[in-house]
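Hydrogens, waters and symmetry mates play no part in the numbers below; they use all other heavy atoms, side chains included.
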Amino acid sequence: MPTPAIKVENLSKRYRIGARENNKTFREAIMDVAVTPFRRLKSFGRSSHREEDSIWALKDVSFEVQPGEVLGIIGANGAGKSTLLKILSRITEPTEGRAEINGRVASLLEVGTGFHSELTGRENIYLSGAILGMSKKEIETKFDEIVDFSGVEKFMDTPVKRYSSGMRVRLGFAVAAHLDPEILLVDEVLAVGDAAFQKKCLGKMGQVAKGGRTVLFVSHNMPAVIGLCERAVLLDSGKIVTEGDTQQAVENYLSNRGGSMAEVVWDLNEAPGDHIAKLRAVRILNSDGYIASDQFLSKHITLEVEFWCLEAGVRLNPAFHLYNSLGVCVFATGNLEDDTWGDALYRPGLYRANCVIPGNFLNDGVYHVSAIIVKDVTLPVA
């Protein structure tokens, strides 16, 4: 068996609520020596902090990542994903357990992580390479690729503090991916970039993995996780819920999230609507016709709505709205054919309407489907 690139054993991290992380500068450490006696006097007679004053961001987490493997880390906000990557990046220390890392690590955890704000983009590229142990000559051989990938060539000699968040993440990812790290840790920073840049980053991570390097990828973009990762770890409240097949981990994640479902069905008495029409079901079908929360957008998908018409002689228009993760409506449709909208009158009964979205029509991402039934209103002629 090869030596794992990353080996995590019973890793736990506890934070005290309201307390600061104990990462002190030398000056702060000197000041602490001076004020500690007074703090002890102030706290005399008080009990130590209670267990309920603490929160376990991670608890007994164990897994291994082999060299060249791409592992997805998924879970809701607050599940412990970022804490895990900060420990692996040596930004913070674990409370319990250990993490063994075999290889040179490059991490991109937050926008501009590792950059010195007063230095220019050019200077930060050389600084990042030096931190990774690369010589000036090695960095120079990668410099043009980094600049070209980042797309911020015009601002190479501008201090990073004047960069926008998008420019920082572009340069940060370009540096992390091109300076030959053996292990690449990427948190949910790609959400800052536009769709084209995200696609380019995902392609680069795929190239990094094919080159035999290890990638840990934290993301809420489930299609990206499925397309990039062989295995995935699902975290919930700091603990591993699922480890193994990516598709299974994603399905477990989506099935436990409120509102992240591929089918919603109502009884007539509880269905949304009024005395004219009510929704019975909304479904998302993959290209094989099966209900699925996660879709490969390279293939066509079908949105399906079932509804009851409760009043005779009305004109109804079933429609779909598709919203991206920012809440922006990116797609809307309705049944506007002459024979069903305008002259056609519905009779009481159960109806079904479908909308087929072609493959490669939508960008990769998370979308929310809204189904509505609109009653035609005929305006009087003036």
Less than 3.5 Å apart, any donor N or O on the side chain of Asp187 or Ser82 sitting next to an acceptor on the other? yes
Side-chain heavy atoms of Leu88 within contact of Ile183, under 4.5 Å: no
With a 4.5 Å limit on heavy-atom distance, are the side chains of Arg14 and Lys59 in contact? no
By salt bridge (charged side-chain N to carboxylate O under 4.0 Å, His left out), Lys7 pairs with (sequence neighbours left out) Glu9
First locate atom CZ of Phe320, then atom OG of Ser370, and finally report the distance between them rounded to the nearest 0.5 Å. 9.5 Å
Just by distance, do the side chain of Asp245 and the backbone of Gln247 share a donor-acceptor pair under 3.5 Å? yes
Just wondering, do Leu84 and Lys13 contact through their side chains at under 4.5 Å, heavy atoms? no
Determine whether Pro159 and Glu118 make a side-chain contact, defined as any pair of heavy atoms from C-beta on separated by less than 4.5 Å. no
Which Ile, Leu, Val, Met, Phe, Trp or Tyr residues join Val265 in one cluster when any pair of side-chain heavy atoms under 4.5 Å counts as a link? none
Pairing residues for Asp144 by the side chain to side chain contact (heavy atoms under 4.5 Å, CB included) criterion, not counting sequence neighbours: none
Residue pair Val160 / Leu119, side-chain heavy-atom distance below 4.5 Å: no
Note, His116 side chain near Asn124 side chain (heavy atom, < 4.5 Å): yes
Does any N or O in the side chain of Asp288 come within less than 3.5 Å of the main-chain N or O of Tyr290, such that one atom is a donor and the other an acceptor? no
Just jot down the ring pair (Phe, Tyr, Trp, His ring centres under 6.0 Å) partners of Phe143, sequence neighbours excluded, or say none. Tyr126
Partners of Glu145 by side chain to side chain donor-acceptor pair (under 3.5 Å), sequence neighbours excluded? none
Would Glu263 and Arg283 pass as an ion pair if we require N to O under 4.0 Å? yes
Less than 4.5 Å apart, any side-chain heavy atom of Val218 and any of Val186? no
Short question: side chain of Asp157, backbone of Arg122 - any donor-acceptor pair under 3.5 Å? no
Linked hydrophobic residues, Leu268 as query - side chain contacts closer than 4.5 Å: Trp308, Leu310, Leu350
How far does CZ of Arg168 sit from OG of Ser117, to the nearest 0.5 angstrom? 4.5 Å
I'd like to know whether NZ of Lys204 has more than 12 heavy-atom contacts from other residues, nucleotides or ligands below 6.0 angstrom. yes
Taking Thr214 for the side chain and Gly68 for the main chain, is one N or O donor matched with an acceptor at less than 3.5 Å? yes
Could you tell me whether Tyr367 and Phe331 have their ring centroids closer than 6.0 angstrom? no
Would you call the rings of Tyr346 and Tyr351 parallel, tilted or perpendicular, taking 30° and 60° as the class edges? perpendicular
With rounding to the nearest 0.5 angstrom, report the OG1 to CD distance, Thr3 to Glu100. 8.0 Å
From the list Ile73, Val241, Thr83, side-chain contact (heavy atoms from CB on, under 4.5 Å) partner of Leu235 resolves to Ile73
Do the side chains of Val330 and Val356 join up, straight or via other hydrophobic residues, at under 4.5 Å, putting them in one cluster? no
NZ of Lys299 to CG of Asn286, rounded to nearest 0.5 Å, is 8.5 Å
